[in-house]
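Some notes on the structure that comes next.
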Number of protein chains: 2
Amino acid sequence: MARRPTIRSVAEEAGVSPTTVSLVLNNNASAIPEATKERVVQAVRKLGYRPNPSARALSSSQTHTIGFITDVIASSGYAGRSIAGAQELSWANDKVLLIVNTGGDAAITRAAVDMLCDRQVDGVIYAAMSMCGVDLPEALLQIPTILVNAYDRQSRFPAILADEELGGYTATRTLIDAGHRRIGMLYGVPEVDAGRERLIGHRRALDEAGIAFDPALVRADCWFPEGGYRSTKALMTLDEPPTALFCVNDWVAMGCYEAVKELGLSIPGDLAIIGYDNHELAGLLRPGLTTMQLPHYDLGRKAVECLLAPAGSVAPNAVIRLPCPLIRRQSV
Amino acid sequence: MARRPTIRSVAEEAGVSPTTVSLVLNNNASAIPEATKERVVQAVRKLGYRPNPSARALSSSQTHTIGFITDVIASSGYAGRSIAGAQELSWANDKVLLIVNTGGDAAITRAAVDMLCDRQVDGVIYAAMSMCGVDLPEALLQIPTILVNAYDRQSRFPAILADEELGGYTATRTLIDAGHRRIGMLYGVPEVDAGRERLIGHRRALDEAGIAFDPALVRADCWFPEGGYRSTKALMTLDEPPTALFCVNDWVAMGCYEAVKELGLSIPGDLAIIGYDNHELAGLLRPGLTTMQLPHYDLGRKAVECLLAPAGSVAPNAVIRLPCPLIRRQSV
DNA sequence: GTGAAAGCGCTAACAA
DNA sequence: TTGTTAGCGCTTTCAC
């Protein structure tokens with residue numbers, strides 16, 4: 001099998017030294033005349049030369065590689081989108097992603113971090129599948145690190161998060177702008193940070209519009225369709241039922257749909273509904289579900305952007321929040 | 001910042017040469033007495049020595065890295081599961097996954113393959129998100145390559161696929177075993193290979209049970225809930241309606257559920273339903289949807305297994321089919 | 001402007 | 001059984 005050309009063969013072909021070739025290829029060739037450069041470039045092309053990354057890594061300690069650690073690859077497909085976002089921006093910058101999935105296991109996480117240190121990655125992205133606080137191994141302090149959809153309990157690393165509060169605000173605001181004044185919220189379980197923040201945003205929108213918050217219109221314990229179904233039935237039999245509902249996620253919204261249908265009401269005529277997550281089925285419901293989209297792709301992309309930024313330009317305790325776009329369909 | 005220990009420092013600490021250390025660390029130490037080995041191991045531990053992968057790669061041309069190329073990271077989350085499967089088995093074998101997403105672009109695919117060659121990966125996995133034939137760059141012939149959820153149009157690489165035919169058979173067989181004789185199928189669009197194969201399996205199960213195939217009970221053009229809804233309504237108003245339905249996917253099954261509910265019928269009493277895909281919502285439906293699970297995780301795992309197997313043990317034109325497990329819930 | 005030479009940390013052929 | 005030596009292919013310092 002034909003050996004690949006080396007920098008030496010290129011140098012010979014161009015009639016220069018390996019140093020010159022290296023200089024030209026790495027854009028450190030400010031002092032080299034165009035003519036020489038051109039000869040080198042021609043030789044490279046002619047031989048089809050491609051530098052050997054291992055050799056480059058050994059002598060420069062730069063691998064052009066970014067480690068991407070995930071805790072749990074949820075079946076939801078969200079992980080995939082963050083990975084895609086990170087991968088695409090990496091690719092555009094000639095970097096490549098090294099992936100490890102820890103299953104949430106602390107020992108594996110430690111081992112993964114060690115492995116990434118060994119491999120001299122340029123940076124590490126730690127992505128959690130459901131937003132939460134995490135404790136990460138000390139060793140990560142040696143490498144530029146950034147968290148996605150998670151925050152470090154000790155604030156040692158910057159975090160990129162979806163702006164859930166703003167999302168909750170926007171969702172409710174959308175309902176208000178559509179003319180609603182009696183707006184309920186099917187709120188998730190308190191353990192989930194995201195749900196809590198969405199509720200805060202919901203209340204802010206209400207306040208801002210001068211609508212008194214009515215605890216009777218908020219139902220907790222909704223996370224799956226079943227909960228949405230039950231809560232909707234309960235709310236719609238109130239003396240003064242809501243005319244619009246903000247659901248903590250699309251699953252809950254699906255439960256609403258079912259309840260509304262059974263009650264013989266119509267969406268959005270009798271009840272406007274807005275969800276959260278832009279689940280793959282949201283667009284297939286009848287009517288299409290208006291919802292807030294989690295910016296997983298953007299989170300991954302932003303993480304790489306931060307890693308690529310000049311050292312020090314992102315404070316270690318920075319928290320960057322990315323907006324959740326509103327996906328307008330027909331349910332509001 | 002303290003430098004990492006090198007093999008030399010370990011050798012000095014242990015009072016041996018770097019060669020000896022290398023031999024011990026790479027299990028080529030058959031000729032080295034226990035006592036010496038022990039000294040080396042102690043020194044390694046004492047110094048916290050970890051070999052430098054770049055250096056190792058440079059001199060051995062082995063990177064312990066597997067390239068994983070995906071075409072489109074679908075929102076369905078399936079990509080994530082194949083990646084997880086591949087990653088976990090890789091990890092268990094001290095290998096690591098390098099990920100590239102091509103978005104289905106041929107130029108990017110070529111560039112990705114070149115990059116993986118440059119980086120001297122031990123092997124390449126090409127995973128497509130919906131099962132299909134693909135044309136891959138020539139350059140891949142130089143590296144052990146295996147396809148997941150896709151097959152090479154020129155049969156140059158082995159492929160790992162879900163056994164859709166067997167899945168279709170098992171689904172229908174499940175219905176037959178539950179006592180049904182009039183079994184319909186809501187069959188997908190003909191362009192999708194998977195749907196066609198599921199239909200073939202369906203007919204085989206019918207044949208085997210001596211049930212005549214009745215074309216009136218098969219409806220094409222179902223892929224989303226809407227289609228399932230319409231087709232179910234149509235089938236259930238037949239003179240002799242089916243007592244069971246095999247849906248080409250869970251989305252279609254969801255449409256069935258809605259139609260059945262509207263018709264005032266019950267599942268599985270009046271109509272048994274079995275789906276395909278084990279969508280994340282399948283378990284949240286009432287009643288829980290019995291369905292066939294796509295073995296994405298296993299496909300990824302199997303791919304790594306093949307790559308790790310001794311060279312030549314997997315024929316280049318091999319097609320390995322993995323079964324889709326039946327997920328029993330309450331709809332049959 | 002350009003090149004020689006010394007590594008980067010490890011492996012492996014060969015010698016002892 | 002162990003050590004010496006010569007690379008692996010590239011970067012980078014320093015001298016010409």
Side-chain angles (χ1 to χ4, degrees), chain A residues 1-41 43-44 47-65 94 115 117-122, chain B residues 1-41 43-44 47-65 94 115 117-122:
Chain A
M1 178 158 149
R3 295 178 68 69
R4 296 171 57 114
T6 66
I7 200 171
R8 260 236 308 277
S9 58
V10 174
E12 279 164 18
E13 176 72 29
V16 298
S17 76
T19 312
T20 305
V21 177
S22 174
L23 257 24
V24 172
L25 261 37
N26 294 294
N27 295 322
N28 291 335
S30 44
I32 295 176
E34 278 307 320
T36 312
K37 268 193 217 171
E38 191 52 32
R39 284 219 311 287
V40 170
V41 170
V44 164
L47 268 40
Y49 168 74
R50 322 197 88 223
N52 174 329
S54 303
R56 221 200 261 260
L58 179 58
S59 70
S60 71
S61 307
Q62 274 231 51
T63 56
H64 294 279
T65 286
D94 287 314
M115 182 276 284
C117 288
D118 290 351
R119 293 202 180 232
Q120 306 181 83
V121 293
D122 299 348
Chain B
M1 177 155 148
R3 294 180 69 69
R4 296 172 56 117
T6 66
I7 200 173
R8 258 239 307 280
S9 59
V10 174
E12 278 165 18
E13 175 74 30
V16 299
S17 79
T19 311
T20 306
V21 177
S22 175
L23 257 25
V24 171
L25 261 38
N26 293 294
N27 295 323
N28 292 335
S30 45
I32 294 177
E34 278 307 320
T36 312
K37 268 194 217 170
E38 190 52 32
R39 284 219 312 285
V40 170
V41 171
V44 165
L47 267 41
Y49 167 74
R50 322 196 86 222
N52 175 329
S54 303
R56 222 201 261 260
L58 179 57
S59 68
S60 70
S61 305
Q62 273 231 49
T63 55
H64 294 280
T65 286
D94 287 314
M115 182 277 285
C117 288
D118 291 351
R119 292 203 180 232
Q120 306 180 83
V121 293
D122 300 348

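Labels below follow one simple rule: chain letters A, B, ... track the order of the sequence lines, proteins then strands, and each chain is numbered from 1.
Comparing D:dT12, D:dG9, C:dG9 against the side chain of A:A55 picks out D:dG9 as the nearest. Comparing C:dG1, D:dT12, D:dG3 by their closest approach to the side chain of A:P33 singles out C:dG1. Of the candidate nucleotides C:dG9, C:dA5, C:dT2, C:dG9 has the atom nearest to the side chain of B:N52. For A:T36, whose side chain is taken as the heavy atoms from C-beta onward, the closest listed nucleotide among D:dT12, C:dT2, D:dC10 is C:dT2. For A:S17, the listed nucleotide lying nearest its side chain is C:dA4; candidates were C:dG9, C:dA4, D:dC10.
In this structure, A:S22 reaches the bases: a heavy-atom distance under 4.0 Å links it to at least one base atom across the strands shown. When heavy atoms are screened at a 4.0 angstrom cut-off, A:P51 is found touching the sugar-phosphate backbone but no base atom. Within the 4.0 angstrom heavy-atom criterion, base atoms lie near A:T19.
Looking at every heavy atom in both residues, B:Y49 comes nearest to B:L25 through CE2-CD2, 3.4 Å. When all heavy atoms of A:A11 and A:P18 are compared, the pair lying nearest together is CB-N, 3.5 Å.
The interatomic distance linking A:E34 (CD) with C:dG1 (C1') rounds to 13 Å, in whole Å. Between the C1' atom of C:dC10 and the CG atom of B:L25 lies a distance of 11 Å, rounded to the nearest Å. Distance, A:L23 CG to D:dA15 P: 17 Å, rounded to whole Å. Atom CZ in B:R50 sits roughly 12 Å away from atom P in C:dC10 (whole-Å rounding). When the C1' atom of D:dT2 is taken as reference, atom CD1 of B:I7 falls 14 Å away, rounded to whole Å. Between the CZ atom of B:R39 and the C1' atom of D:dG3 there is a distance of 13 Å, given to the nearest Å. Straight-line distance from the CG atom of A:N26 to the P atom of D:dG9: 17 Å, rounded to whole Å. Atom CD1 of A:I32 and atom P of D:dT11 are 13 Å apart (whole Å).
Taken to the nearest 0.5 Å, the OG1 atom of A:T63 stands 11.5 Å off from the CG atom of A:D118. Taking CG from B:L58 and CD from B:Q120, the interatomic distance works out to 8.0 Å, rounded to the nearest 0.5 Å.
Test A:T19, A:V40, A:V44, A:V10 against A:V24 for side chain to side chain contact (heavy atoms under 4.5 Å, CB included) and you get one pass: A:V40.
The backbone N or O of B:R50 sits less than 3.5 Å from a side-chain atom of B:R4, completing a donor-acceptor pair. Judged purely by atom type and a 3.5 angstrom limit, A:S60 uses its side chain to pair as donor or acceptor with the backbone of A:R56.
Within the structure, a side-chain polar atom (N or O) of A:R56 is placed less than 4.0 Å from OP1 or OP2 of D:dT11.
Listed by residue number, A:L58, A:S59 are the residues of residues 57-65 of chain A with a heavy-atom contact under 4.0 Å to DNA chain C.
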